[in-house]
Amino acid sequence: MGDIFGYNYNIYVHKARLWGQYLFQQGGWHIDAAAHLDGTIFERDGLMQNGRAPENSYGKSGWAKFLHGGGKVRLAYDITPNHTLSFGASWDYEAPLPANSFVAPRIQNNYINDLGLEQIANAELAYDFRFGIFSGRVAGYVTRFENGVEQTAFYNDDQSRFTYLTMNGINRLHYGVEAAFNLQVTNNLSFHLLGTISEAKYTNNPLAQVSYEGMDAATIAKVNRWVNPVTKRSMKEPLCVYADGMHANGTPLTAINFGVNYNVSGWFFGLDLNYYDRVYVGFSQYRRLSNVMTEYVATGRTENGRWIFDNVDEETLKNEGGILYDQNGNILHAYSPKQEKFKGGFMLDASIGKSIFLRHGRRLSINLSVSNILNNRNMRTGGYEQNRDDKYYNLDGTTGAEKAYKFSKNSKYYYAQGINAFLNVGLRF
């Protein structure tokens, strides 16, 4: 018990921040401005020499140092006491996460190539209002992320060992509209409607760096080469992931909630109907690597100058992906495999509670909430594409027979939990 097995390391992180804020209010104007200056340093300290990376697993990596900061401002104007128009903007430079900054953090001390600051720019325009018993807020936003870093780790069937894949220089764009409305019919009864329609996707093909456990520096360099299928020479373009147009996963990009609340004599009741749509499966970066995707070379050219391919059609390319080369080895187009989008679905939730006032200022609260009353267990809430290969590999590394189970066609899914209830009893004294 307590033995060290496989890896043993620490990552030390030190941060410092200097910040300031300015508030101004005059008449109907409100100004809130803030800025910060940050310093972040971190390093990996390997506490054991790992046989899979004997030269760079033990000892310290050296400090990675970043000076960064940002600022934000919010302007609001009260048109009337019940109507406010506001605009906010921010710009930040953020240091990369230490866990994403090493080629293979469990095994070695090497930092990924071209490690730098991520830039985040955001703007939001909002309108808050009240018309008697009807109130609400409508807001639109746009956020741009540039030069981000993401890392994934998985067991690689092809190499029969653990693999780290890091994307660097990632650009993403998020934007959408959010709205919230409330109708207070009486002091006891109210209705609300909340919703968002948004977009969140990658807007470039980030650089990629791959590392297998047990590789030395020379082997890593070979793995991260991209060979032209026509000229058989290394491509001038660096290894990349064809992620342009892929959507962020793990959250619905369209969501609506309609609810009613009623309270009387210490009792309160709530009923919420939720609708979720446009949930995307987490895409496999490995399947979209420029040296992993299927390559197709043109077989000829028609009279109008268009290259033709005998062994693939456009529908297959759009669904399964592939890179098209002309007969001279030039890239004509790269198709990223289609990202799966789940069907939308409804969930119904309810709650009932009671507040009981006791002597000496004590209060007993009882609340029962029931989620997914309709027991909708077929709604997919998330998932990810599998990195495992569809083929077996021979001892000499060549491609073998097809597997009966197609991992590329069968993602892992998460489903909504069935009907469930939660009872909470609290005593305040």
Side-chain angles (χ1 to χ4, degrees), residues 28-34 70-92 94 118-146 148 170-184 190-204 243-261 270-283 339-349 379-382 416:
W29 287 98
H30 306 265
I31 301 176
D32 182 358
K72 64 179 181 179
V73 61
R74 179 179 180 271
L75 305 175
Y77 179 68
D78 296 329
I79 304 171
T80 71
N82 292 328
H83 299 268
T84 300
L85 187 65
S86 61
F87 172 78
S90 65
W91 187 282
D92 284 286
E94 297 289 345
E118 181 177 17
Q119 305 166 31
I120 306 171
N122 171 264
E124 180 187 73
L125 181 65
Y127 172 55
D128 295 83
F129 64 87
R130 175 180 292 276
F131 294 95
I133 62 174
F134 182 59
S135 61
R137 173 183 172 87
V138 179
Y141 70 92
V142 58
T143 305
R144 182 169 181 83
F145 303 83
E146 294 185 349
I170 301 170
N171 295 342
R172 291 182 291 124
L173 182 64
H174 296 198
Y175 57 90
V177 176
E178 301 173 338
F181 307 106
N182 185 75
L183 182 64
Q184 192 73 41
S190 66
F191 297 89
H192 65 260
L193 177 65
L194 313 174
T196 179
I197 299 177
S198 60
E199 187 63 276
K201 59 184 180 181
Y202 293 75
T203 58
N204 73 330
D244 191 6
M246 294 294 103
H247 292 81
N249 66 291
T251 184
L253 297 179
T254 299
I256 300 174
N257 166 260
F258 174 75
V260 56
N261 295 282
L271 187 68
D272 287 272
L273 179 63
N274 306 290
Y275 175 73
Y276 306 101
D277 196 9
R278 298 176 59 236
V279 180
Y280 288 86
V281 71
F283 71 93
Q339 187 179 15
E340 184 179 2
K341 182 178 68 173
F342 303 143
K343 294 181 179 179
F346 291 91
M347 290 184 66
L348 184 64
D349 305 328
M379 188 169 69
R380 294 172 180 172
T381 60

Heavy atoms of F283 and H247 approach each other most closely as CD2-O, 4.2 Å
Here the gap from R172 atom CZ to N204 atom CG, rounded to the nearest 0.5 Å, amounts to 10.5 Å
Tightest non-hydrogen contact, residues A248 and Y280, listed as O-CB, 4.1 Å
_Is the shortest side-chain heavy-atom distance between R380 and E340 below 4.5 Å?_
yes
Side chains of T381 and V279 in contact at under 4.5 Å (non-hydrogen atoms): no
Check your understanding: Are D78 and H30 side-chain neighbours, meaning at least one heavy-atom pair lies under 4.5 Å?
Key -> yes
In this structure, CG of L194 is separated from CG of N257 (nearest 0.5 Å) by 5.0 Å
Residues at least two apart in sequence or cross-chain that pass ring pair (Phe, Tyr, Trp, His ring centres under 6.0 Å) with F129, listed by chain then number, are Y127, F131, F134
Rounding to 0.5 Å, atoms CD (E146) and OG1 (T203) come to a distance of 7.5 Å
Heavy-atom nearest pair, Y276 first then P252, reads CD2-CG, 3.7 Å
Take a 6.0 Å sphere around CD1 of I120 and say whether it holds more than 12 heavy atoms from other residues, nucleotides or ligands. yes
The side chain to side chain contact (heavy atoms under 4.5 Å, CB included) partner of F346 among I256, L273, N274 is L273
query: Salt-bridged, E124 to R74, with N to O below 4.0 Å?
result: no
Heavy-atom side-chain contact between I170 and F145 under 4.5 Å: no
When every non-hydrogen atom of S86 is compared with those of L125, the smallest separation belongs to O-CD1, 3.3 Å
Is there a side-chain contact (heavy atoms from CB on, under 4.5 Å) between D272 and H192? Walk through the geometry before answering. CA-CA 9 Å; D272 287 272; H192 65 260; 3.1 Å; yes
For this session: Answer yes or no: is there a side-chain heavy-atom contact under 4.5 Å between F258 and F191?
Result: yes
- Task: Side-chain contact test, heavy atoms from C-beta onward, threshold under 4.5 Å: evaluate it for L183 versus L193 and give yes or no.
- Result: no
task = Run the numbers on N122 and H174 for side chain to side chain donor-acceptor pair (under 3.5 Å), then give the verdict.
result = CA-CA 9 Å; N122 171 264; H174 296 198; over 6 Å; no
Checklist entry - Can you tell me if Q339 uses its side chain to pair, donor with acceptor, with the backbone of V281 under 3.5 Å? => result yes
**OP:** For R144 and Y175, run side-chain contact (heavy atoms from CB on, under 4.5 Å): C-alpha distance rounded to whole Å, both residues' side-chain angles, the deciding distance at 0.1 Å, then the answer.
**Re:** CA-CA 8 Å; R144 182 169 181 83; Y175 57 90; over 6 Å; no
All heavy atoms of A126 vs all of R137, minimum pair found to be CB-NH2, 3.4 Å
Output for pair (S90 OG, K72 NZ), nearest 0.5 Å, gives 8.0 Å
Check your understanding: Do F181 and V138 come within less than 4.5 Å of each other through their side chains, counting heavy atoms only?
Key -> yes
### Query
Would a 4.5 Å heavy-atom cut-off, applied to side chains only, mark D244 and N171 as touching?
no
In short, S190 meets Q184 closest at the heavy-atom pair CB-OE1, 3.5 Å
- Taking the side chain from S198 and the backbone from L253, do they hold a donor-acceptor pair closer than 3.5 Å? yes
